[in-house]
Amino acid sequence: MSMFTSPRTDDDMDDDAAVVLWNGWGTKQGKIFASKWKRRYFVLKSDGQLSYYKAAKHTKPVARFAIGGSTRVVKAAEAVGRQPKWPAQADPGRRVAIVTPKQTFFVFFGSQATTRDLVQSVSSLADRASDPLPEETAAPVQTEALAARSAVGIAPCVLRDLLRDYLDDPEDEALTTTDVCERVVKPRCRTAARMAGGITAPFANLLLREDLKASSPQSPQRVGPATVFVSHAWRYPFRVLVDTLLDHADKHSDTQVFFWIDLFANDQLSAVSRPFEWWTTTFRDSISAIGSVVAVLHPWHKPIPVERAWCLFELHTTLSSGTPLTLLLPPGEGQALVDAVRDDYESLVRAMADVSVSHAQASQATDRDMILRAIDETEHGRAGMDEEIKKQLRAWCLEHAEASALAAADHADSEGGTEADGLHAAKLCNEVGLALSQHGKTEASITVQERGLAIVHRLLGDDNRDAAITYSNLGLAYDNQGNYDKAIELYERCLPIQLGTVGENHLETASTYNNLGLAYIGKANYDRAIEYVEKGLAIRLDILGDQDVETAVCYNNLARAYDSNGNYDKAVEFYERALAVELATIGEDHPSTGSTLNALGLVHEHKGDFDQAIQWYERGLAVHLKTLGENHPETAATYGNLGSSFDQKGDFGKAVQYYERGLAIELATLGENHPSVAISYGNLAMTHNGNGNADKAVELLETAVGICQQSVGPDHPRTVAYVQVLEELRQDQH
């Protein structure tokens with residue numbers, strides 16, 4: 001039975017006189033028949049009156065007892081006389097005897113926690129009646145280690161007790177942290193305040209007081225100096241918060257963890273009267289004193305704390321002070337993430353794009369405005385906070401997705417793994433591999449996809465379409481790494497399988513020809529590249545006709561090959577063919593059309609027509625902003641291209657402005673170790689060097705080299721080129 005029942009306000013329980021209300025069942029001595037057990041509601045009042053009612057809505061008590069030295073509350077087994085016939089559900093830990101000079105009442109409650117509450121509360125009043133304590137002794141107990149209120153933390157065992165005692169009913173699953181505050185924390189604190197002469201204290205301090213008054217030490221320890229500050233949203237189901245923190249504690253079981261949670265560490269009875277400055281000081285001082293912060297984010301694709309201003313203030317304080325920050329997601333969110341990535345690996349990019357601190361809200365609009373103003377006044381502002389949150393969230397998502405894919409592969413390879421498990425694991429490895437590759441984690445992508453390929457070989461053999469698809473995706477990963485020879489090898493293994501299964505005249509075969517062409521562009525073998533892309537184009541023209549977006553893709557790739565080969569007029573011809581198809585089929589307001597507009601700008605830039613290039617870029621940018629939004633890699637690429645054209649026009653200021661804008665978006669959406677981010681740093685370096693700022697150029701190029709070495713490896717042509725330029729710049733400095 002839950003304790004979530006609020007005391008009534010009536011002629012017996014008015015003016016907030018009722019300390020707390022317990023649900024229970026009771027009987028008197030002499031009436032010990034099982035059928036006579038009656039549901040009762042017990043109310044302990046601040047004047048020492050213990051009353052009980054037949055029902056919560058009754059206004060007159062059945063009986064009242066004056067708590068004093070002659071009234072005792074003991075475990076039922078310790079009561080003198082005959083025991084009642086206890087119902088089966090009344091386990092010994094929930095049995096109580098209220099012993100008065102005239103009679104004894106036997107009671108059992110819905111949980112051990114409510115039983116403990118009544119015993120401690122009544123005993124405390126009895127002690128005060130027989131030997132009143134001085135007022136200062138009744139104040140919340142403090143020890144030297146916990147002298148600062150902000151340093152008090154609760155152990156995981158307290159959270160487990162709360163789940164057991166107050167959230168054991170399925171209906172309680174939806175209770176938020178706010179609900180638990182109103183139904184559990186405040187009533188407990190109100191009880192203690194009345195017993196302490198009106199002095200209020202945080203819930204954690206009440207636990208500390210109980211532990212210090214106990215005859216033997218609590219095991220495990222319930223309260224201690226906080227080791228972790230918890231940032232969370234009160235709108236969460238409380239169960240989500242607790243499950244997440246317990247999962248974190250279990251993973252760090254080698255150390256004693258005490259959580260600083262504002263619900264328990266702050267005095268909730270006086271919280272509403274606290275001014276803005278008190279809260280900011282409390283959070284700032286607590287974070288500084290504790291030195292470690294975890295932020296509970298849920299759901300993974302749109303975390304609520306990022307939309308709550310006070311959570312943002314906690315994150316802002318953490319980041320600006322350099323305090324270590326760890327993002328925690330509920331255990332169940334991991335599977336939701338895996339399901340999303342398995343169905344569509346690009347879901348990660350879309351999720352990151354939606355994270356923005358500017359969307360934050362607060363109960364008090366003035367609080368929100370002041371918090372966002374404080375963030376704006378920092379060095380990196382809202383964009384910097386967005387970037388850091390996305391960085392950590394992305395890292396968690398990719399790490400979890402990779403681990404889940406490898407775990408699924410391990411299970412599929414085990415004795416208990418079924419064919420269905422294997423096919424599931426192979427698909428998951430494929431999609432996770434694509435997601436890892438998209439975010440610059442090429443080595444991890446290759447490892448995961450090779451596990452999936454091995455499962456496909458074991459279950460289906462080599463001559464099947466699933467194996468061909470995996471070969472193709474692995475080829476893309478090696479292509480991104482700059483290992484074009486390996487990519488070509490994999491494409492050439494894929495091609496015979498497709499020719500033998502789906503035939504020459506099939507779209508999958510056309511895609512492999514197209515990918516081979518792109519790999520040969522990377523090797524600067526443009527004649528071979530054009531040969532393969534034209535093969536793919538011929539198949540698509542035969543199957544789809546001229547007016548299809550897939551045909552437009554081939555036109556774009558042919559144009560790219562001609563552009564790379566220096567045949568700019570031919571490149572413009574095929575880009576314009578692609579654009580005409582896209583305008584006729586999907587219209588201008590489509591990301592693919594925006595990319596073609598951007599590519600037309602690129603070839604005009606290569607021709608040296610920078611004004612024409614800028615016009616195409618601006619048109620493409622407008623499409624990307626409308627269809628993809630500001631925070632997308634394609635939008636970032638267009639900003640970078642605008643920076644390049646302005647740089648070559650000699651407009652240093654605009655060049656840096658566009659480069660930095662594109663870089664900020666890439667950092668936020670792709671992460672700091674992505675090949676595209678390296679290119680942006682490299683472009684900025686060249687621009688600063690051309691403007692005479694060699695020191696800044698060296699600094700930026702060092703960053704670019706570091707990213708290239710991590711993301712595509714030291715042998716990638718771009719890494720080699722950047723290292724060479726960096727050495728030349730360093731020599732020029734000397």
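One is the number of the first residue; the rest follow in order along the sequence.
Once rounded to the nearest 0.5 Å, the distance linking CD1 of Ile521 with OH of Tyr562 reads 11.0 Å. Atom CD of Gln731 is separated from atom CG of Leu726 by 10.0 Å, given to the nearest 0.5 angstrom. Atom CG of Leu684 sits about 11.0 Å away from atom CD of Glu699, to the nearest 0.5 Å. Remark: Glu605 CD to Trp616 CH2 distance equals 15.0 Å, nearest 0.5 Å. Atom CD of residue Glu582 and atom CD of residue Glu588 lie 10.5 Å apart, to the nearest 0.5 angstrom. In this structure, Ile707 CD1 and Ile679 CD1 are separated by 10.5 Å, a value rounded to the nearest 0.5 Å.
Between Glu402 and Lys441 no salt bridge is recorded (no basic side-chain N to carboxylate O distance below 4.0 Å). Contact check on Glu377 versus Arg373 returns no salt bridge, with no Lys/Arg side-chain nitrogen under 4.0 Å from an Asp/Glu carboxylate oxygen. The pair Lys486-Asp479 does not count as a salt bridge, with every side-chain nitrogen at least 4.0 angstrom from each carboxylate oxygen. Salt-bridge annotation for Arg730 and Glu727: absent, with no side-chain N of the basic residue lying under 4.0 Å from a carboxylate O of the acidic one. Ion pairing of Lys607 with Asp569 is present here, as a side-chain N (NZ or NE/NH1/NH2) and a carboxylate O approach within less than 4.0 Å. Between Arg342 and Glu431 no salt bridge is recorded (no basic side-chain N to carboxylate O distance below 4.0 Å). Using a 4.0 Å cut-off between charged nitrogen and carboxylate oxygen, Asp376 and Arg382 count as a salt-bridge pair. Asp647 has no carboxylate O lying under 4.0 Å from a charged side-chain N of Lys654, or vice versa, which leaves the two without a salt bridge.
Using bins of under 30°, 30° to 60° and over 60° for the plane-to-plane angle, the ring pair Phe229/Phe283 lands in the perpendicular bin.
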Using ring pair (Phe, Tyr, Trp, His ring centres under 6.0 Å), reason through Phe276 and Trp310 one step at a time and then give a plain yes or no. CA-CA 10 Å; Phe276 177 84; Trp310 277 110; 5.3 Å; yes
Determine, step by step, whether Asn557 and Leu518 satisfy the side-chain contact (heavy atoms from CB on, under 4.5 Å) criterion, reporting the C-alpha distance in whole Å, the side-chain angles of both residues, the deciding distance to 0.1 Å, and the verdict. CA-CA 7 Å; Asn557 289 334; Leu518 294 176; 3.6 Å; yes
Evaluate the side chain to side chain donor-acceptor pair (under 3.5 Å) criterion for residues Arg661 and Thr635: first the C-alpha distance (whole Å), next the side-chain angles of each, then the deciding distance (0.1 Å), finally the verdict. CA-CA 10 Å; Arg661 197 165 180 178; Thr635 309; over 6 Å; no
Residue pair Thr470, Asn430: steps toward the side chain to side chain donor-acceptor pair (under 3.5 Å) verdict: CA-CA 7 Å; Thr470 307; Asn430 184 52; 4.8 Å; no
Between Leu328 and Leu297, does the side-chain contact (heavy atoms from CB on, under 4.5 Å) criterion hold? Intermediate values first, please. CA-CA 6 Å; Leu328 303 180; Leu297 301 188; over 6 Å; no
Apply side-chain contact (heavy atoms from CB on, under 4.5 Å) to Leu667 and Leu663, showing your working. CA-CA 6 Å; Leu667 286 169; Leu663 175 61; 4.0 Å; yes
Report the C-alpha distance between Leu516 and Arg528 in whole Å, list the side-chain angles of each, state the deciding distance to 0.1 Å, and finish with yes or no for side-chain contact (heavy atoms from CB on, under 4.5 Å). CA-CA 9 Å; Leu516 276 163; Arg528 197 73 185 274; over 6 Å; no
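The local environment of CD in Glu399 is sparse, with at most 12 non-hydrogen atoms from other residues, nucleotides or ligands closer than 6.0 Å.
Between Thr280 and Phe313, some side-chain heavy-atom pair lies under the 4.5 Å cut-off. Put simply, the side chain of Leu700 does not reach to within 4.5 Å of the side chain of Met686, judged on heavy atoms. Residues Leu337 and His400 have side chains in contact (heavy-atom distance under 4.5 Å, counting atoms from C-beta outward). The shortest side-chain heavy-atom distance between Arg308 and Gln361 falls under the 4.5 Å cut-off. Looking only at side-chain heavy atoms (C-beta outward), Gln612 and Leu600 stay at 4.5 Å or farther from each other. Between Thr326 and Val293 the shortest side-chain heavy-atom distance does not fall below 4.5 Å. By the 4.5 Å heavy-atom criterion applied to side chains, Tyr617 and Leu621 are not counted as neighbours. With contacts defined as side-chain heavy-atom distances shorter than 4.5 Å, the pair Thr244/Leu329 does not qualify.
When Glu630, Gln657, Glu660, His624 are each tested for a side-chain hydrogen bond (donor to acceptor under 3.5 Å, both in side chains) with Tyr639, only one passes: Glu630. For the side chain to side chain contact (heavy atoms under 4.5 Å, CB included) test with Thr593, the passing option among Val581, Thr585, Ile586 is Ile586; the others fail.
Heavy atoms only, all atoms of each residue included: Ile446 and Ala477 are closest at CG1-CB, 3.9 Å. Nearest approach of Ala678 to Cys708, heavy atoms of both residues: CB-SG, 3.6 Å. What you find for Ser472 and Cys494 is that their closest heavy atoms are CB-SG, 4.2 Å. Tyr659 and Gly640 get closest at one heavy-atom pair: CE2-O, 3.2 Å. For Cys554 against Leu537, the heavy-atom pair with the smallest separation is CB-CD1, 3.5 Å. For the pair Ser231 and Cys311, the tightest heavy-atom approach, listed with the atom from each and the gap, is OG-O, 3.9 Å.
With no hydrogens or angles considered, a side-chain donor-acceptor pair links Ser445 and Gln449 at under 3.5 Å. In summary, the side chains of Glu666 and Ser680 do present a donor paired with an acceptor at a separation below 3.5 Å, with no hydrogens or angles considered. A donor-acceptor pair shorter than 3.5 Å can be found between the side chains of Thr596 and Asn556. For the 3.5 Å distance criterion, the side chains of Asp611 and Gln615 fail to qualify, holding no donor opposite an acceptor.
Between Phe610 and His604, the ring center distance fails the sub-6.0 Å criterion. Aromatic pair Tyr520/Tyr532: ring centres closer than 6.0 Å. Ring centers of Tyr555 and Tyr575: at least 6.0 Å apart, outside the cut-off.
One N or O on the side chain of Tyr491 and one on the backbone of Leu476 form a donor-acceptor pair closer than 3.5 Å. For the pair Tyr722 (side chain) and Leu701 (backbone), a donor-acceptor distance under 3.5 Å is absent. Checking side-chain atoms of Asp548 against main-chain N and O of Glu550 turns up a donor-acceptor pair under 3.5 Å. Between the side chain of Thr318 and the main chain of Glu314, a donor-acceptor pair closer than 3.5 Å is present. Although no hydrogens or angles enter the test, the distance criterion places no donor-acceptor pair under 3.5 Å between the side chain of Thr323 and the main chain of Leu319. Put simply, the side chain of Ser437 never gets that close to the backbone of Gly433: no donor and acceptor are under 3.5 Å apart.
In this structure His248 satisfies the ring-ring contact (aromatic ring centres under 6.0 Å, His included) test together with His252, sequence neighbours excluded.
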